[in-house]
Every structure is written in C-alpha cells, then in structure tokens.
Amino acid sequence: MSDLKVYNSYSRQKEVFTPLTPGHVGMYVCGPTVSGESHLGHARPYITFDVVFRYLQHLGYKVRYVRNITDAGHFEEEGREAVDKIATKAVLEKLEPMELVQKYTNLFHWAMEQFNTLRPSIEPTATGHIVEQVEMIKKLIAEGYAYETNGSVYFDVKKYAASYDYGKLSGRVIDDLLETTRELEGQDEKRDTADFALWKNASPEHIMRWQSPWGVGYPGWHIECSAMATKYLGAQFDIHGGGMDLLFPHHESEIAQSTICNHSAPVRYWIHNNMITINGKKMGKSYNNVIKLTELFSGNHPVLEKAYHPMTIRFFILQTHYRSTLDFSNEALQAAEKGLKRLWDAYEKLQAMSYTSEAGTRQLSGQKSEVDAELEAKCSKLITELPEFMNDDFSTAKVLANMFELVPVINSMKDNIIPVSALSKETFELLQSQMRLYVEGIFGLQSVTEADNEKLKGVMDLLIDIRKEAKSRKDFVTSDKIRNQLAGLGILLKDEKGGGMSWAIE
RNA sequence: GGUCCUGUGGCCGAGUGGCUAGGCAGAGCUCUGCAAAAGCUCCUACAGCGGUUCGAAUCCGCUCGGGACCUCCA
C-alpha cells in the first residue's frame with residue numbers, strides 16, 4: 001500500500017508521514033474557546049481531524065489526540081480596554097465565569113456527540129494548566145526571549161527573529177510585521193509592536209485572574225497551547241492541527257515559544273483546514289454571519305430553509321477536501337442530505353446481503369452465475385483506491401466519489417438486476433467490509449433516522465404483512481390506505497422488486 | 001498597502017499535461033396496479049487574452065473577478 005502523505009503547511013508541500021516514535025502518533029488540535037456557542041465553522045476542524053484520528057488509528061497507530069478547551073485567556077478589544085473575553089461575557093450574563101465555561105463546554109461536547117466525533121485522548125483546559133504556563137513563561141524570561149513590563153510579560157519577537165525563522169509558517173516577513181502599527185492596549189508596554197503577550201496584568205474588574213511572579217493576571221492565548229501540547233505530547237510531536245486562520249499569529253507564536261523553551265521545533269507536520277464561507281465570506285464572529293450549531297440542527301435561523309441533521313453536516317464537510325474553502329448554502333446542504341441518504345441506503349442494503357444465499361437463488365432461477373470480469377475489475381479498482389485516496393492527504397471527496405460509483409452496483413444486486421455472483425465471493429465480501437470500514441469506521445457516518453425502536457419495527461412488520469396480503473388480493477384501497485396514512489406520519493413505504501417492502505422515516 | 005490563496009457545467013464540488021470525477025437539480029426510457037425507490041441514457045464545463053507544448057482546466061505571463069491573513073477568530 002502507498003504511504004500516507006500529508007500536506008505540511010510549514011513546508012508547503014505534501015510529505016510522507018513518518019511518526020517520531022514508530023507506531024505512535026501525537027496529535028494536537030486547537031480546541032474551542034468556550035465563551036460562546038460553536039457555529040458551523042467550528043464543525044469543520046473537529047470533523048476533519050476526527051477523520052484524521054480515525055484513519056491514523058485504522059493504519060494501526062496508537063494515537064494520542066489532545067484537543068484543548070480554551071476557557072481563559074483570550075483577549076477581546078472592548079472599548080479601550082483589553083479584557084479577558086470570558087470575564088466580559090460572564091458579567092453580561094451575570095454568571096460565574098466557571099459556570100459560563102461549563103455551560104458552553106457541555107454544549108460543545110453535545111454538538112461533537114451529534115457529529116459522532118470520537119473523544120480526544122486528553123482534553124485539557126487552559127485554567128487547569130496555569131502552573132505549566134507560568135513555568136514556561138519563566139523559562140522564556142530565563143532564556144532571554146521574554147521581558148516583563150508593568151506586570152505583563154511579552155515575547156521578544158525581534159530577538160527571536162534574529163536567530164530563527166519567525167514568519168516561516170504563516171509566510172510573514174518580519175520587517176513588515178515590525179512596521180505594522182496598530183492601537184492596541186498595552187502597545188506602549190511592548191518593546192516592539194510585533195511582540196506578543198505571554199502574561200497579562202489583570203485590572204480589578206477581571207474575574208478570572210491568577211497569582212504569578214509578575215503579579216495578578218492571566219495568561220496569553222498562545223502560551224496555553226504550547227504549554228499543554230508540551231506537557232502531554234512532549235517537546236516534539238507529530239501533528240498539530242487547526243483552522244487556517246490560526247496560522248498567524250497563534251501557531252507562529254507557538255513555534256517561537258516552544259522552540260526557545262524546548263530547544264527544538266515543536267511540530268513535525270502542521271495541518272490546517274480551510275474555512276467555511278457563507279455567500280463567499282468566511283463565517284466568523286467578526287463578520288456577524290455565523291450559524292450556530294444548535295440553529296443548524298433546529299432550522300431556527302433566518303437563512304436556513306430547514307433543519308439539517310448533524311450527519312448531513314458531517315457528510316457535507318467530507319465531500320470537500322479539507323484544504324479548500326467550503327461554501328454554505330441551503331441548496332448545497334440539501335444536495336448533501338439527499339446524497340447521504342442515497343449512500344446510506346445502499347450501504348445498509350449491502351450489509352444486509354449475503355453472498356451465498358443470494359448466489360444460490362440466482363442459480364435456481366436459471367441465471368448465469370459466472371463472475372462478470374469487467375464488473376469484478378471495476379469494483380475491485382474502486383475499492384482498492386479508497387486507501388490510496390486517503391493516503392493522498394486525506395482526499396475524502398474522492399473516497400466518496402468512488403463509493404457513489406459503487407452505489408448503482410449495490411442497488412442492482414439488491415434488485416436482482418445483477419446477480420450477486422457476478423462478483424467473486426472475495427470481492428463481494430471485500431466490498432462489504434471496506435464499505436463498513438470507510439462509511440462507519442473512518443468517515444464516522446451514522447443512520448440519520450435512528451429507527452432503532454424494536455416496538456416500532458414490530459408494528460411496521462405487521463403493517464407490511466397486511467399490506468402484502470392486500471396487494472396479493474389486488475385490494476389496492478387497503479394497500480394505498482396503509483401507505484398513504486404512513487406517509488402522513490412521515491414514514492415512507494417502498495415496494496421493492498420481487499414483492500419486498502422497505503420503509504424509512506422521513 | 002503587504003503576504004498568500006482562488007475563479008470548473010443550473011448549483012455544490014474532485015482534478016496539476018493526454019484518459020468519464022462524484023453529488024444535487026433537469027430531460028427521456030425501463031421496472032411497476034399506482035406512487036416512491038431503483039436501473040439505464042442524456043445534458044459534458046474548466047473567467048478572459050496571450051505564451052510554452054505534438055497535446056493544457058492542469059505550466060508561464062498579463063487582465064478582470066472572488067477570498068484569507070496581517071487584530072480575537074476553526
């Protein structure tokens with residue numbers, strides 16, 4: 001099998017993935033800031049890296065997947081004062097900061113569960129790692145790359161840039177950065193505008209604050225990820241993921257901090273997902289165009305024509321390569337919804353089929369049961385390409401395209417248009433197992449209808465029996481009545497070839 | 001202003017030199033008591049202008065359009 005190749009944002013090219021420790025992978029992904037509800041844009045990295053996580057595990061790696069919860073330390077420009085974002089909202093909502101943080105953490109976990117994302121191996125919180133952050137800042141000061149002013153500590157970018165390549169990850173030119181001036185709080189405290197905060201002095205109105213060698217304050221944003229990644233994954237680790245918008249300054253700063261502290265570049269493969277756009281614009285707080293996940297699931301938002309199932313969103317995201325922008329629209333989402341249904345229906349049919357009995361039936365009915373060489377070759381090609389596509393920088397869109405090419409084959413076998421025995425037993429079983437692996441195991445897709453109610457199944461079996469009897473008597477009044485009334489309840493009955501019936505909840 | 005990315009059929013989106021992407025929508029046909037589903041077929045495009053090449057959506061240049069980052073941001 002081909003090697004896994006990943007696009008490394010740092011080198012700007014695809015590289016063969018070789019983990020630092022054979023058999024093990026350390027992966028860090030920037031988690032959510034739990035000062036508010038997650039929106040559609042947030043869904044992308046967590047679904048993307050969930051698939052990466054699943055795929056790496058499938059390849060046999062033991063993966064430690066660390067995804068933090070940022071529950072303190074981000075700054076938000078609020079008038080003239082840079083205020084701890086979480087503290088600000090807490091005041092507005094009259095909540096304890098930790099209550100607020102807990103609320104949105106819970107909501108985030110709930111949404112991730114809806115998307116069927118696997119839980120990370122470790123989910124550290126920023127507030128739980130103040131000590132590690134303080135230690136790291138101390139080290140940076142000791143190394144001479146950070147300085148204290150008025151109870152705040154800043155990283156000396158100019159000094160760092162003199163011996164290291166600051167700006168390489170984000171393609172930034174240090175001289176340009178030094179020129180860029182902007183009125184930010186604390187700007188006069190910095191030796192240089194490009195310097196970034198490691199620790200911020202907290203004014204009395206800050207609710208979230210901690211004691212430090214530099215006085216009462218709170219940590220800078222970038223140091224949080226560096227401290228937690230170092231603690232759980234070591235000075236050097238394999239993969240660091242996140243949205244492209246984090247390239248600068250966040251990830252660039254992480255590199256600088258960790259490089260000085262640990263005397264080595266922290267990350268071997270930087271992987272960044274692109275943005276979700278709406279009407280061509282990035283979905284983000286600053287653009288005021290976000291659709292929250294709860295709104296998406298409920299359809300309760302002016303731009304939404306209807307509610308969308310979490311699996312539809314997941315499928316929608318996987319239909320595009322993670323490094324391309326993905327434009328939101330009702331039309332696109334509804335197309336994804338239908339596509340997913342078609343794929344899932346075929347997938348379920350395939351799993352319910354069995355090679356031997358079907359092949360036997362074919363022989364009895366006098367059809368040829370010879371293997372169709374052309375079909376056999378086509379199917380095995382489509383199947384063997386799946387891992388190759390995944391190995392090519394996680395080309396989920398291509399994997400889905402191949403699956404869709406297999407859908408007509410599956411449906412035809414189910415409807416006896418093609419005998420199952422047109423495929424060899426090996427290929428048929430490979431088809432079954434690979435589809436199970438990719439659809440459920442790696443892509444993490446699930447049934448949209450959740451009709452796992454045994455009693456309902458029993459009732460439906462009964463109604464189907466009655467309807468079959470009615471149909472055999474040509475009592476179409478009864479058979480239509482059953483079908484129509486069920487349709488009114490949102491349950492669709494479908495007559496299949498060969499007299500079978502199936503049903504699905506709308 | 002600086003750095004970088006991007007422009008594919010009605011819509012969404014793969015695709016880095018030659019070979020049908022795929023999905024959704026639309027049209028026709030088949031199957032069928034009807035319906036739905038399913039199957040088959042069709043619609044086959046690469047912003048514009050030049051250049052390189054036997055050959056370009058794919059490489060180069062220019063023009064026009066869109067976007068991201070430079071500030072919190074997935």
Side-chain angles (χ1 to χ4, degrees), chain A residues 12 29-33 35 38-49 70 74-78 82 85 167 170-173 175-177 179-180 182-184 194 221 241-250 252 272-277 279-287 290 315-316 319-321 323-343 345-346 349 389 395-405 407-412 414-418 471 474-476 479-480 483-484 487 492-497 501-504:
Chain A
R12 289 152 202 268
V29 174
C30 289
T33 302
S35 59
S38 300
H39 63 255
L40 176 59
H42 295 115
R44 174 104 106 145
Y46 307 129
I47 289 172
T48 299
F49 289 102
T70 296
H74 279 205
F75 312 133
E76 193 174 45
E77 208 181 8
E78 195 85 39
K85 186 191 284 182
S170 54
R172 215 105 329 204
V173 181
D175 293 331
D176 293 344
L177 287 172
E179 279 171 26
T180 328
R182 186 164 188 266
E183 284 308 310
L184 265 180
W221 174 33
M244 274 183 186
D245 50 352
L246 297 182
L247 273 166
F248 190 88
H250 188 52
E252 197 70 62
H272 290 94
N273 62 277
N274 214 319
M275 302 292 101
I276 287 184
T277 58
N279 297 323
K281 276 262 187 295
K282 172 186 167 186
M283 187 177 285
K285 283 188 277 273
S286 13
Y287 295 104
V290 302
F315 179 84
F316 176 63
Q319 249 185 327
T320 310
H321 188 89
R323 280 190 289 112
S324 299
T325 54
L326 173 58
D327 198 54
F328 164 88
S329 71
N330 281 285
E331 209 179 351
L333 231 38
Q334 281 164 35
E337 184 176 72
K338 287 182 185 168
L340 171 61
K341 186 183 183 313
R342 196 165 115 86
L343 177 67
D345 284 350
K349 284 184 209 168
F389 290 156
S395 296
T396 55
K398 285 182 169 182
V399 170
L400 282 173
N402 269 27
M403 286 182 185
F404 273 107
E405 290 206 57
V407 163
V409 177
I410 294 167
N411 285 333
S412 296
K414 170 68 183 168
D415 288 344
N416 289 333
I417 295 168
I418 302 174
K471 274 187 71 176
K474 302 241 185 278
D475 175 7
F476 297 123
S479 75
D480 283 353
R483 190 176 62 196
N484 293 341
L492 284 188
L493 266 190
K494 288 177 282 191
D495 293 341
E496 295 175 339
K497 291 187 169 46
M501 285 181 206
S502 63
W503 59 281

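By convention in this document, chain letters (A, B, ...) are assigned in the order of the sequence lines, proteins followed by strands, and residues within each chain are numbered from 1.
Going from atom CD1 of A/Ile276 over to atom P of B/rC5 covers 22 Å, rounded to whole Å. Following rounding to the nearest Å, A/Met283 (CE) and B/rA68 (P) show an atom-to-atom distance of 13 Å. The distance from atom CG of A/Leu246 to atom P of B/rA74 is 7 Å, rounded to the nearest whole Å. Rounded to whole Å, atom P of B/rU32 lies 17 Å from atom CG of A/Asp480. Atom NZ in A/Lys414 sits about 16 Å away from atom C1' in B/rC31, given to the nearest Å. The CD-C1' distance, from A/Glu252 to B/rU71, rounds to 16 Å in whole Å. Between A/Phe248 atom CZ and B/rC69 atom P the separation is 13 Å, expressed in whole Å. Put simply, CD1 on A/Ile418 is 18 Å from P on B/rC31, counting in whole angstrom units.
For the pair A/Arg44 and A/Asn274, the minimum side-chain heavy-atom distance is below 4.5 Å.
Residue side chain A/Arg172 does not reach the base of B/rC4 through any donor-acceptor N/O pair under 3.5 Å, judged by distance alone. For A/Asp495 and B/rC34, a side-chain-to-base donor-acceptor distance below 3.5 Å is present, hydrogens and geometry of angles not being considered. Checked by distance alone, A/Arg483 brings no side-chain donor or acceptor within 3.5 Å of a matching partner on the base of B/rA36.
Comparing the P positions of B/rA35 and B/rC29 gives an interatomic distance of 13 Å, to the nearest angstrom. When the C1' atom is used for both B/rG9 and B/rU32, the distance is 33 Å, rounded to whole Å. When the C1' atom is used for both B/rC46 and B/rA36, the distance is 37 Å, rounded to whole Å. Taking atom P on both B/rA74 and B/rC49, the two are 42 Å apart, rounded to the nearest angstrom. The gap from the P atom of B/rG50 to that of B/rU41 amounts to 38 Å, rounded to the nearest Å. Nucleotides B/rU58 and B/rG51 place their P atoms 14 Å apart, quoted to the nearest Å. Here, B/rA47 and B/rA56 have their C1' atoms 16 Å apart, quoted to the whole Å. Here the separation of B/rC60 from B/rU53, taken at their C1' atoms, is 12 Å to the nearest Å.
Between A/Lys494 and the phosphate of B/rU32, there is no side-chain N or O to OP1/OP2 separation shorter than 4.0 Å. The side chain of A/Tyr287 contributes no N or O atom lying less than 4.0 Å from OP1 or OP2 of B/rA74. Contact check, A/Lys282 against B/rG67: no side-chain N or O comes under 4.0 Å of OP1 or OP2. Using a 4.0 Å cut-off, no side-chain N or O of A/Ser170 falls inside it from OP1 or OP2 of B/rC70.
You'll find that the side chain of A/Asn273 is closest to B/rA74, out of B/rA74, B/rC69, B/rG23. Here the nucleotide nearest the side chain of A/Tyr46, chosen from B/rA74, B/rC70, B/rG22, is B/rA74.
When heavy atoms are screened at a 4.0 angstrom cut-off, A/Phe476 is found touching base atoms of the nucleic acid. At the heavy-atom level, A/Gly242 lies under 4.0 Å from the strands shown only through sugar-phosphate atoms. When heavy atoms are screened at a 4.0 angstrom cut-off, A/Lys474 is found touching no nucleic acid atom at all. As judged by a 4.0 angstrom heavy-atom cut-off over every strand, A/Leu340 is placed among residues making no nucleic acid contact. Within the 4.0 angstrom heavy-atom criterion, no nucleotide atom of any strand lies near A/Met244. Contact annotation for A/Glu337: no contact, since no heavy-atom pair falls under 4.0 Å across all strands.
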Could you walk me through whether A/Asp345 and A/Lys349 satisfy the salt bridge (charged side-chain N to carboxylate O under 4.0 Å, His left out) test, starting with their C-alpha distance in whole Å, then the side-chain angles of each, then the deciding distance to 0.1 Å, before giving a yes or no? CA-CA 6 Å; A/Asp345 284 350; A/Lys349 284 184 209 168; over 6 Å; no
Short N/O separations, protein against nucleotides 38-40 of chain B, under 3.5 angstrom:
from	atom 1	to	atom 2	distance (Å)
B/rA38	O3'	A/Asn411	ND2	3.0
B/rA38	O2'	A/Asp415	OD2	3.0
B/rG39	OP1	A/Asn411	ND2	3.1
B/rG39	OP2	A/Arg342	NH1	3.1

Atom pairs, N/O to N/O, protein against nucleotides 9-16 of chain B, distance under 3.5 Å?
from	atom 1	to	atom 2	distance (Å)
B/rC11	O2'	A/Glu331	OE1	3.2
B/rG13	OP1	A/Asp327	N	2.8
B/rA14	OP1	A/His321	N	3.1
B/rA14	OP1	A/Ser324	OG	2.9

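Taking all atoms of both residues into account, the shortest heavy-atom contact from A/Glu252 to A/Gly167 is OE2-N, 2.9 Å. Minimum interatomic distance between A/Met244 and A/His272 (heavy atoms only, all atoms of both residues): CG-CB, 3.7 Å. Heavy atoms only, all atoms of each residue included: A/Thr325 and A/Thr320 are closest at O-CG2, 4.1 Å. Residues A/Lys282 and A/Tyr287 come closest through the heavy atom pair O-CD1, 3.2 Å. Here the shortest heavy-atom pairing between A/Asp327 and A/Phe316 reads O-CZ, 3.6 Å. The shortest non-hydrogen separation linking A/His42 to A/Ser38 is ND1-CA, 3.5 Å.
Note: A/Asp245 CG to A/Cys30 SG = 10.0 Å, rounded to the nearest 0.5 Å. To the nearest 0.5 angstrom, A/Ser170 atom OG is 6.5 Å from A/Leu247 atom CG. Considering CH2 of A/Trp503 and CG of A/Leu492, their distance stands at 11.0 Å, rounded to 0.5 Å. The line from CG of A/Leu326 to OG1 of A/Thr48 is 9.5 Å long, rounded to the nearest 0.5 Å. Expressed to the nearest 0.5 Å, how far CG of A/Asp495 lies from CE of A/Met501 amounts to 5.0 Å. Atom CG of A/Asn273 sits about 10.5 Å away from atom NE2 of A/His321, to the nearest 0.5 Å.
With the nearest nucleotide of RNA chain B identified for both A/Met275 and A/Gly171, A/Gly171 has the one nearer the 5' end.
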RNA chain B in dot-bracket form (Watson-Crick or G-U pairs under 3.5 Å, [ ] crossing, | inter-strand) is ((((((((.[[[..)..(...]]].(((((.......)))))....[[[[[..)....]]]]])))))))....
